[in-house]
Each structure stands twice: as structure tokens, then as C-alpha cells.
**Student:** 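Structure provided below as C-alpha cells; questions to follow.
Hydrogens, waters and symmetry mates are skipped; everything else that's a heavy atom, side chains included, is used.
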Amino acid sequence: MKRRTVAVLLTAVMTMAMTAGCAGSSGSSDSGSGEESYTIGISQFAEHGSLDNCREGFLQGLEEEGIVEGENLTVDYKNAAADMGTASQISDTFVSDKVDMICAIATPTAQSAYNAAMDTDIPVIYTAVTDPVAAELADEEGNPVGNVTGTSDELPIKAQLEMIRTMLPDAQKIGIMYTTSEANSISALETYKELAGDYDFEIVEKGITATADISLAADDLLSQVDCITNLTDNTVVASLPTILEKANEKGIPIFGSEIEQVKIGCLAAEGLDYIALGKQTGQMAAKVLKGEAEASELSYETITEPGFYVNTKVAENLGITVPEELAGTAVESFDTISEAEAE
């Protein structure tokens with residue numbers, strides 16, 4: 001009889017412990033309101049305008065779906081400072097902390113997050129990944145390779161080349177600087193090389209491996225080309241002010257890949273709205289958090305319509321007239337150059 005009583009007591013204690021453990025898990029109902037609450041780890045590869053806009057838009061997209069930071073959402077934001085080793089450490093930390101979701105901003109962090117979370121039930125939602133297939137985050141049909149999905153910032157390269165030809169009718173050589181370890185940059189570069197001949201351009205490429213390579217690489221590239229066009233390469237974009245300073249000294253225009261680059265001194269861009277891209281990502285993330293879909297069920301999404309952005313102050317400084325057929329289509333035009341700190 002005593003043995004049976006002890007067994008019953010042990011069972012009751014175990015049941016209470018299991019109940020307490022469940023109540024303390026992430027993504028659980030708030031004990032006060034009964035509302036679901038979530039913890040998201042945001043891993044951003046580098047600090048620059050386009051990726052910052054992605055993060056801002058991501059949180060806005062979640063908020064539009066009722067998931068609000070400070071109310072039912074806790075955000076753990078970490079920046080890898082364009083270092084792959086740091087990106088990997090951040091992903092491992094989020095997995096160890098058992099967050100409800102990892103939001104990875106840019107290709108290197110998306111790859112790190114997916115690798116870290118692969119054997120867990122933590123979904124990874126990425127944004128600003130130019131080519132999810134080349135990054136091995138999706139298959140050829142666009143389907144996720146695991147519990148990972150998000151949005152692509154695939155560049156409108158055809159539209160960019162058409163715009164550059166219209167702006168610079170006599171240009172022959174376009175320079176492109178890229179990081180040799182970034183799959184998104186290599187993919188975009190190949191597309192540029194495939195399409196350049198259609199517009200009578202020659203692509204001059206310059207690969208780098210780290211931020212320290214930027215200065216010398218810029219000098220070399222600027223000595224060979226009529227203009228430079230930027231990719232969404234994180235290492236290069238983070239050092240864009242340095243490149244712009246050198247280009248301005250030589251009177252060589254640089255074309256951007258999104259609005260923030262035009263604000264700080266690129267001549268123009270057929271680019272994307274990264275806040276809108278981030279919002280789209282946040283809406284996808286909300287579906288996963290709410291249990292409406294698994295990340296593994298959602299194909300990655302893109303924003304298909306680019307917008308023309310131009311900086312008329314840069315055009316004036318370079319002695320370039322913006323053709324009326326382009327000026328009239330500008331989504332936004334800037335008459336000042338915003339300050340940005342060089343790396």
C-alpha cells in the first residue's frame with residue numbers, strides 16, 4: 001500500500017513538472033492574456049541601408065499581421081559585421097537559445113542560419129537573398145530544401161543595362177566589384193556577363209575576398225572602365241562610400257542597385273524597395289509563426305517590378321543630363337547627397 005502511494009505521488013510530481021516545462025517554452029501562450037508570444041532572432045550580415053531597410057520592413061510586416069515587438073514579440077537582433085565566422089556564431093547562439101524563428105538578412109547569414117537550424121524545428125525565414133537556388137536554399141523549382149524560405153532581391157539586370165545605356169550612350173566598359181565567396185554576387189555577375197553584349201557593353205570584373213581589398217580593387221577597376229554598377233554584394237555595399245569617393249575624384253559614375261545607394265551618391269538605379277521586400281518577408285514569417293503554414297511549404301517570393309531612382313545632384317556634379325524619358329519615370333529623385341561613413 002505504501003509503495004503504491006509513493007508511485008502515485010511521483011506520478012503527480014512528474015505531471016506538474018511537465019506542465020511547468022510546457023508553460024515556459026518559447027512561442028507559448030502568455031499566462032496573463034492567453035495570447036501567443038514569440039521570440040525571433042534576427043541575424044543581419046552587415047550594417048548598410050538596404051539591409052537595415054529589410055529589417056525595418058520585416059518588423060512592419062509582422063506588425064501588420066498582429067505580431068508587435070514589445071507586445072507579443074521579443075526580438076534578438078545581432079549583426080555579423082560582414083564576417084562569415086561571426087554569422088555562424090550568431091546562428092549557433094539562436095539555435096542554442098531555442099528561438100521560435102530565425103530571420104536571416106542576406107545570403108551568408110541565410111546559409112549559416114539554415115545550416116545551424118537544419119536538425120531542429122526552428123524555421124528560418126530569409127530576405128535579401130539574390131539567388132536562393134545558387135545559395136542551396138531552394139531547388140530549381142523554387143521549393144524550399146528544408147524548413148527555410150523567404151524573399152529574393154534578384155536584381156532587374158536587363159532593366160539596369162537598358163538604363164545605363166540610355167544614361168551613357170557612349171560608354172563601353174562597365175566595372176563590377178564582387179566578393180568571391182558570395183553566391184548571390186557570382187550569380188548576378190554571370191547574368192550581367194550574359195546580357196551585356198545585347199547592349200554593346202563589356203563587363204570588367206574585380207573579385208575581392210575581404211573589406212581590406214576594397215581600396216586597391218577600386219583603384220584598379222576605375223582605371224579600366226567608363227562606369228561601375230553595384231550588385232547587392234554585402235561587403236562591397238558596406239564600403240560603398242570609399243568607392244564613391246575614389247570614383248568622384250576620377251569623374252566616373254557609379255550606378256546602384258537600390259534606393260539607399262542612390263541617396264548616398266550613386267547616379268541612378270533600376271532597383272528594389274527593400275522596405276517593401278522586408279514587409280513581404282514579415283508577412284510570410286507571420287504565417288509560419290501562427291501555424292498557418294510550414295516554412296518548408298512556402299516557395300520563396302520576389303518583388304518583380306523595379307523602380308527607377310536618380311540623384312540629380314550627382315548628375316550635375318558629373319556633368320550628365322538625365323534623359324527626359326527616364327526622368328519622367330522616376331519613383332524618387334534626390335537633389336542632395338546624403339552622408340555615409342566609409343568602412
**Student:** Please report, to 0.1 Å, the donor-acceptor pairs under 3.5 Å made by any side chain of residues 324-333, with sequence neighbours excluded.
**Tutor:**
| from | atom 1 | to | atom 2 | distance (Å) |
| --- | --- | --- | --- | --- |
| T329 | OG1 | L326 | O | 2.8 |

**Student:** Would you mind reporting whether Y309 and D273 have side-chain heavy atoms less than 4.5 Å apart?
**Tutor:**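 Yes. Closest side-chain heavy atoms under 4.5 Å.
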**Student:** Between I125 and I105, is there a shared hydrophobic cluster once you connect ILVMFWY residues whose side-chain heavy atoms come closer than 4.5 Å?
**Tutor:**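 As far as the 4.5 Å side-chain criterion goes, I105 and I125 are connected within one cluster.
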**Student:** Tell me whether S91 contacts the main-chain N or O of A87 through its side chain, where contact means a donor paired with an acceptor under 3.5 Å.
**Tutor:**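 Present.
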**Student:** When you measure from the side chain of N115 to the backbone N and O of S112, does any donor-acceptor pair fall under 3.5 Å?
**Tutor:**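 Not confirmed, N115 side chain does not pair with S112 backbone.
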**Student:** Assigning hydrophobic clusters by single linkage (Ile, Leu, Val, Met, Phe, Trp, Tyr; side-chain heavy-atom cutoff under 4.5 Å), is V262 placed with I275?
**Tutor:**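 Different clusters: V262 never reaches I275 through Ile, Leu, Val, Met, Phe, Trp or Tyr contacts under 4.5 Å.
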**Student:** So, using side-chain contact (heavy atoms from CB on, under 4.5 Å) as the criterion, who are the partners of N317 when residues are at least two apart?
**Tutor:**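 In terms of side-chain contact (heavy atoms from CB on, under 4.5 Å), with neighbours along the sequence ignored, N317 is linked to K313, I337.
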**Student:** I need the full list of salt bridge (charged side-chain N to carboxylate O under 4.0 Å, His left out) pairs touching residues 181-191, with sequence neighbours left out, sorted by first then second residue.
**Tutor:**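 For residues 181-191, and leaving out neighbouring residues, the salt bridge (charged side-chain N to carboxylate O under 4.0 Å, His left out) pairs sorted by first residue read E190-K193.
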**Student:** The test is side-chain contact (heavy atoms from CB on, under 4.5 Å); show your working for I40 and L62 and say whether it passes.
**Tutor:** CA-CA 11 Å; I40 296 179; L62 286 170; 3.7 Å; yes
**Student:** Got a donor-acceptor contact below 3.5 angstrom from the R55 side chain to the S43 backbone?
**Tutor:**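 No; judged by distance alone, with no hydrogens or angles, the pair does not exist.
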**Student:** Under the side-chain hydrogen bond (donor to acceptor under 3.5 Å, both in side chains) test against Q283, which residue among E301, E65, E64 passes?
**Tutor:**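 Result: among E301, E65, E64, E64 is the only option passing the side-chain hydrogen bond (donor to acceptor under 3.5 Å, both in side chains) with Q283.
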**Student:** If you look at every heavy atom in L277 and C54, which pair is closest and at what distance?
**Tutor:**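 L277 and C54 have their closest heavy atoms at CD2-SG, 4.2 Å.
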**Student:** Keeping to residues at least two apart or across chains, list the side chain to side chain donor-acceptor pair (under 3.5 Å) pairs with something in residues 121-137.
**Tutor:**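 Sorted result for residues 121-137: T127-T151, T127-T281, T130-D153, T130-T232, D131-S187.
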**Student:** Please determine whether residues V310 and I259 belong to a single hydrophobic cluster, defined as Ile, Leu, Val, Met, Phe, Trp and Tyr linked transitively by side-chain heavy-atom distances below 4.5 Å.
**Tutor:**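 Not linked; separate clusters.
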**Student:** Given side-chain contact (heavy atoms from CB on, under 4.5 Å), test C103 with V75 step by step and report yes or no.
**Tutor:** CA-CA 10 Å; C103 171; V75 174; over 6 Å; no
**Student:** Restricting to pairs with a member in residues 73-83, which pass salt bridge (charged side-chain N to carboxylate O under 4.0 Å, His left out), not counting sequence neighbours?
**Tutor:**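 Qualifying pairs: D76-K78.
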**Student:** Under the rule for salt bridge (Lys or Arg N to Asp or Glu O under 4.0 Å), what residues qualify as partners of E292, not counting sequence neighbours?
**Tutor:**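 None.
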**Student:** State, with a plain yes or no, whether a side-chain heavy atom of V236 is found less than 4.5 Å away from one of Y178.
**Tutor:**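 No; the side chains remain at least 4.5 Å from each other.
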**Student:** Just how far is it from atom CZ of F308 to atom CE of M167, taken to the nearest 0.5 Å?
**Tutor:**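 Going from the CZ atom of F308 to the CE atom of M167 covers 5.0 Å.
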**Student:** Listed by chain and number, what are the side-chain contact (heavy atoms from CB on, under 4.5 Å) partners of L318, not counting sequence neighbours?
**Tutor:**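 For L318 the side-chain contact (heavy atoms from CB on, under 4.5 Å) partners, ignoring immediate neighbours, are P253, V314, I320.
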**Student:** With clusters defined by side-chain heavy atoms of hydrophobic residues (ILVMFWY) lying less than 4.5 Å apart, directly or transitively, does I176 cluster with M163?
**Tutor:**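 Same hydrophobic cluster.
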**Student:** Which heavy atom of L51 sits nearest a heavy atom of A46, and at what distance?
**Tutor:**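 So the two residues come closest at CD1-O, 3.5 Å.
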**Student:** Can you name the residues that form a side-chain contact (heavy atoms from CB on, under 4.5 Å) with A247, not counting sequence neighbours?
**Tutor:**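 Residues passing side-chain contact (heavy atoms from CB on, under 4.5 Å) with A247: L222, I254.
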**Student:** Find the distance between OG1 (T179) and CG (D233) and round it off to the nearest 0.5 Å.
**Tutor:**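 These two atoms lie 3.5 Å from each other.
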**Student:** List in chain and number order the residues that pass salt bridge (Lys or Arg N to Asp or Glu O under 4.0 Å) with D219, two or more places apart in sequence or in another chain; answer none if no residue qualifies.
**Tutor:**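 Residues passing salt bridge (Lys or Arg N to Asp or Glu O under 4.0 Å) with D219: K246.
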**Student:** I need the S239 OG to L244 CG distance, nearest 0.5 Å.
**Tutor:**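 So the gap between those two atoms works out to 11.0 Å.
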**Student:** For A212, enumerate each residue passing the side-chain contact (heavy atoms from CB on, under 4.5 Å) test, keeping only those at least two apart in sequence or located in another chain.
**Tutor:**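 Per chain and number, A212 pairs via side-chain contact (heavy atoms from CB on, under 4.5 Å) with no residue.
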**Student:** Where is the tightest heavy-atom contact between A117 and I122, given as atom of each residue plus distance?
**Tutor:**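 Closest pair (atom of A117, atom of I122, distance): CB-O, 3.8 Å.
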**Student:** Table please: side-chain donor-acceptor pairs of residues 223-231 below 3.5 Å, with sequence neighbours left out.
**Tutor:**
| from | atom 1 | to | atom 2 | distance (Å) |
| --- | --- | --- | --- | --- |
| S223 | OG | D220 | O | 2.6 |
| Q224 | NE2 | D220 | O | 3.2 |
| Q224 | NE2 | D220 | OD1 | 3.3 |
| D226 | OD2 | Q172 | N | 2.8 |
| D226 | OD2 | K173 | N | 2.8 |
| T229 | OG1 | Q160 | NE2 | 3.0 |
| T229 | OG1 | Y192 | OH | 3.3 |
| N230 | ND2 | Q261 | OE1 | 3.4 |

**Student:** Check whether any side-chain heavy atom of T209 sits under 4.5 Å from a side-chain heavy atom of S181, and report yes or no.
**Tutor:**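 No. Closest side-chain heavy atoms not under 4.5 Å.
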**Student:** Would you please name every residue forming a salt bridge (Lys or Arg N to Asp or Glu O under 4.0 Å) with E260, sequence neighbours left out?
**Tutor:**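 Residues passing salt bridge (Lys or Arg N to Asp or Glu O under 4.0 Å) with E260: K263.
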**Student:** Are I243 and L221 packed together at the side-chain level, in the sense that at least one heavy-atom pair is separated by less than 4.5 angstrom?
**Tutor:**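 Heavy-atom side-chain distance check fails, nothing below 4.5 Å.
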**Student:** Measure from the side-chain N and O atoms of S296 to the backbone N and O of N147, and report whether any donor-acceptor pair falls under 3.5 Å.
**Tutor:**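 No, because the side chain of S296 does not come within donor-acceptor range (under 3.5 Å) of the backbone of N147.
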**Student:** Might you confirm whether atom CD of E154 has over 12 heavy atoms from other residues, nucleotides or ligands at distances under 6.0 Å?
**Tutor:**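 No.
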**Student:** Can you give me the closest heavy-atom contact between A128 and Y274, atom names plus distance?
**Tutor:**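 Looks like CB-CE2, 4.2 Å.
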**Student:** Atom CE in M177, atom OG in S185: separation rounded to 0.5 Å?
**Tutor:**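 Answer rounded to 0.5 Å: 11.5 Å.
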**Student:** Is there a donor-acceptor pair under 3.5 Å between the side chain of S96 and the backbone N or O of D92?
**Tutor:**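 No, because the side chain of S96 does not come within donor-acceptor range (under 3.5 Å) of the backbone of D92.
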**Student:** Might you work through the side-chain contact (heavy atoms from CB on, under 4.5 Å) test for T235 and I208, ending with a clear yes or no?
**Tutor:** CA-CA 9 Å; T235 304; I208 62 165; 4.0 Å; yes
**Student:** For N184, which of V129, L155, T107 qualifies under side-chain contact (heavy atoms from CB on, under 4.5 Å)?
**Tutor:**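 It is T107, the one option of V129, L155, T107 that forms the side-chain contact (heavy atoms from CB on, under 4.5 Å) with N184.
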**Student:** To the nearest 0.5 angstrom, please state how far the CZ atom of F334 sits from the CD1 atom of I264.
**Tutor:**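 If I round to the nearest 0.5 Å, the distance is 11.5 Å.
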**Student:** Give a yes or no on whether the backbone of V99 and the side-chain of D97 come within a donor-acceptor separation of less than 3.5 Å.
**Tutor:**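 Judged by distance alone, no pair lies under 3.5 Å.
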**Student:** Hey, are the side chains of S37 and T74 touching, using non-hydrogen atoms and a 4.5 Å cut-off?
**Tutor:**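 Side-chain contact under 4.5 Å: no.
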**Student:** Would you say that M101 contacts Y38 through its side chain, given a criterion of any heavy-atom pair below 4.5 Å between the two side chains?
**Tutor:**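 No, too far: nothing below the 4.5 Å cut-off.
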**Student:** Do L189 and I203 come close enough that some side-chain heavy atom pair is under 4.5 Å?
**Tutor:**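 L189 reaches I203 side chain to side chain.
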**Student:** Which heavy-atom pair separates Q111 from A135 by the least distance, and what is that distance?
**Tutor:**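 Looking at all heavy atoms of both residues, the shortest contact is NE2-O, 3.3 Å.
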**Student:** Report yes or no: do F255 and V204 belong to one cluster of Ile/Leu/Val/Met/Phe/Trp/Tyr joined by side chain heavy-atom distances under 4.5 Å?
**Tutor:**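 Different hydrophobic clusters.
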**Student:** Is there a side-chain contact between D52 and Q44 in this structure, where contact means two heavy atoms from C-beta onward sitting under 4.5 Å apart?
**Tutor:**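 Touching, per the 4.5 Å side-chain cut-off.
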**Student:** Which pair of heavy atoms, one from A138 and one from Y300, lies closest together, and at what distance?
**Tutor:**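 Looking at all heavy atoms of both residues, the shortest contact is CB-CD2, 3.8 Å.
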**Student:** How long is the straight-line distance from OG1 of T120 back to CD1 of I102, given to the nearest 0.5 Å?
**Tutor:**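 The OG1 atom of T120 is 7.0 Å from CD1 of I102, to the nearest 0.5 Å.
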**Student:** Kindly determine whether I174 and Y199 satisfy side-chain contact (heavy atoms from CB on, under 4.5 Å), including the steps that lead there.
**Tutor:** CA-CA 11 Å; I174 299 176; Y199 302 92; over 6 Å; no
